[in-house]
Amino acid sequence: MSPSHSGKGKESGTARVLGSGASGVAELLVFHPVDTVAKRLMSNKAKVSSSALNSIIFRDYATASVGRKFLSLFPGLGYAAGYKVSQRIYKFGGQPWFNDIITRHYKDHFTSAFGERKGKMMMQATAGSLTGIGEVVLLPLDALKIKRQVNPEAFRGRGEGTTLYRGWGWTMARNAPGSFALFGASAVTKEYVLGVTDYSKATWTQNFIASIAGAVASITIAAPLDTVKTRIQNANFEHKVPGLTVVKELLRNEGPTAFFKGLTPKILVVGPKLVFSYTLAQSLIPFFGNYV
């Protein structure tokens, strides 16, 4: 998602919710299978070989028909829907809200520290980082989605409670630099590469380029912590796995490159995924604004 402009949008809060929510639903239906593949690759603790990919990705449906294999990539769709729609509503509306607050109260500080041009980009990135940290409130839905995708056995006799917030510290640690890079790299691309000074007037092509730059930077920077978070959440409800233990075991058994498992599928889907969700949301929000 590309940075939003600093000023307040003319659309109502209801229009933002409807537009961004519909964008999240559409994105979910298109990209949930790819997310499942990435999560299963990250959760796999054995060395990945071309011969083992089929069983890693499709699990019990490795020998099933193509149609059954495809449908097997939609586990936890209900939890995923709750998480993705809530996340998109929060992300699309939250970052501009944080940016408005920073602009009103701290613009002079950013301008004096970084200059007017860089200060504007730093405010966008900082607002994105604060938004990312706040996403921890959606962690239970994310945890349930991941368990359904990669460890459905964890649901037997489950007792979720506070265990659904397992890995919250690692989630915040991942989201802060990840969201900073997403909005920051997107702003830098628009400002320096494309020469766009008013982000709200960027063309579809400019949004496309800036979104890819921001998302690739974000996912790459957040990848190691994302792998740790996924493995913590993937554990059975009754077993608490400390993050440092996950890191030590991962380094000892799989090596440092394991931190980037699942990175390639994510990066391959980043461009079309962000262009799809951003364009759809930006089209639907004004549309709903005509009625609500």
What distance separates L138 CG from N175 CG, expressed to the nearest 0.5 Å? 9.5 Å

Distance alone, cut at 3.5 Å: any donor-acceptor contact between the side chains of K118 and T111? no

Is there a side-chain contact between K261 and E254 in this structure, where contact means two heavy atoms from C-beta onward sitting under 4.5 Å apart? yes

Partner set under side-chain hydrogen bond (donor to acceptor under 3.5 Å, both in side chains) for N253, not counting sequence neighbours: none

Using a 6.0 Å cut-off, check whether atom CZ of R117 has over 12 heavy atoms from anything other than its own residue. yes

Okay, side chain of R174, backbone of A222: is any donor-acceptor separation there less than 3.5 Å? no

Enter the distance from T257:OG1 to L251:CG here, rounded to the nearest 0.5 Å. 10.0 Å

Hey, is the main chain of A223 close enough, under 3.5 Å, to the side chain of T227 for a donor-acceptor pair? yes

Holding to side chain to side chain contact (heavy atoms under 4.5 Å, CB included), I want the full list of residues that pass it with P33, two or more places apart in sequence or in another chain. F70, L73, F74

Non-hydrogen atoms of P177 and A173 that approach each other most closely: CD-O, 2.8 Å

Counting C-beta onward and ignoring hydrogens, is there a side-chain heavy-atom pair between F110 and I102 closer than 4.5 Å? yes

Can you confirm whether L225 sits close enough to F259 that some side-chain heavy atom of one is under 4.5 Å from a side-chain heavy atom of the other? no

Working to the nearest 0.5 angstrom, can you tell me the gap between M172 CE and S129 OG? 9.5 Å

What is the minimum heavy-atom distance between A125 and G184, and which atoms define it? CB-CA, 3.7 Å

Just wondering, are more than 12 heavy atoms of other shown residues or ligands nearer than 6.0 Å to OH in Y192? yes

Nearest non-hydrogen partners of G134 and Y90, listed with the distance: CA-OH, 3.3 Å

Any side-chain heavy-atom pair of I209 and K190 under 4.5 Å: no

Hey, are the side chains of K91 and L182 touching, using non-hydrogen atoms and a 4.5 Å cut-off? yes

Give the C-alpha distance, both sets of side-chain angles, the deciding distance and a yes or no for side chain to side chain contact (heavy atoms under 4.5 Å, CB included) between T264 and L41. CA-CA 10 Å; T264 301; L41 286 172; over 6 Å; no

Just so I know, are the side chains of Q124 and N99 near enough to count as touching, which here means a heavy-atom distance under 4.5 Å? yes

Hey, could you give me each pair passing salt bridge (charged side-chain N to carboxylate O under 4.0 Å, His left out) that has a residue in residues 213-224? Not counting sequence neighbours. none

For the atom pair CZ (F180) and CD1 (I133), what is the distance rounded to the nearest 0.5 Å? 11.0 Å

Checking side chain to side chain contact (heavy atoms under 4.5 Å, CB included) for the pair V85/L28: CA distance, chi angles, key distance, verdict? CA-CA 8 Å; V85 175; L28 175 77; 5.7 Å; no

For a quick test of reading the model, state the closest non-hydrogen atom pair linking V188 to M121 and the distance between them. CA-SD, 3.6 Å

Could you grab the distance from atom NE2 of H105 to atom CG of D100, nearest 0.5 Å is fine? 10.0 Å

Does the T189 side chain pair with the main chain of A210, one donor and one acceptor, at a distance under 3.5 Å? no

Keeping the roles fixed (side chain from S112, backbone from H109), state whether a donor-acceptor pair exists under 3.5 Å. yes

Does one hydrophobic cluster hold both V216 and I221, with members joined at side-chain heavy-atom distances below 4.5 Å? no

Ignoring hydrogens, what is the shortest heavy-atom contact between S72 and F58? Give both atom names and the distance. OG-CD2, 3.8 Å

Any S179 side-chain heavy atom under 4.5 Å of T131 side chain: no

Closest approach of S23 to S277 (non-hydrogen atoms, all atoms of both residues): OG-O, 2.9 Å

Using 0.5 Å steps for rounding, measure from the CH2 atom of W97 to the CG atom of L130. 9.5 Å

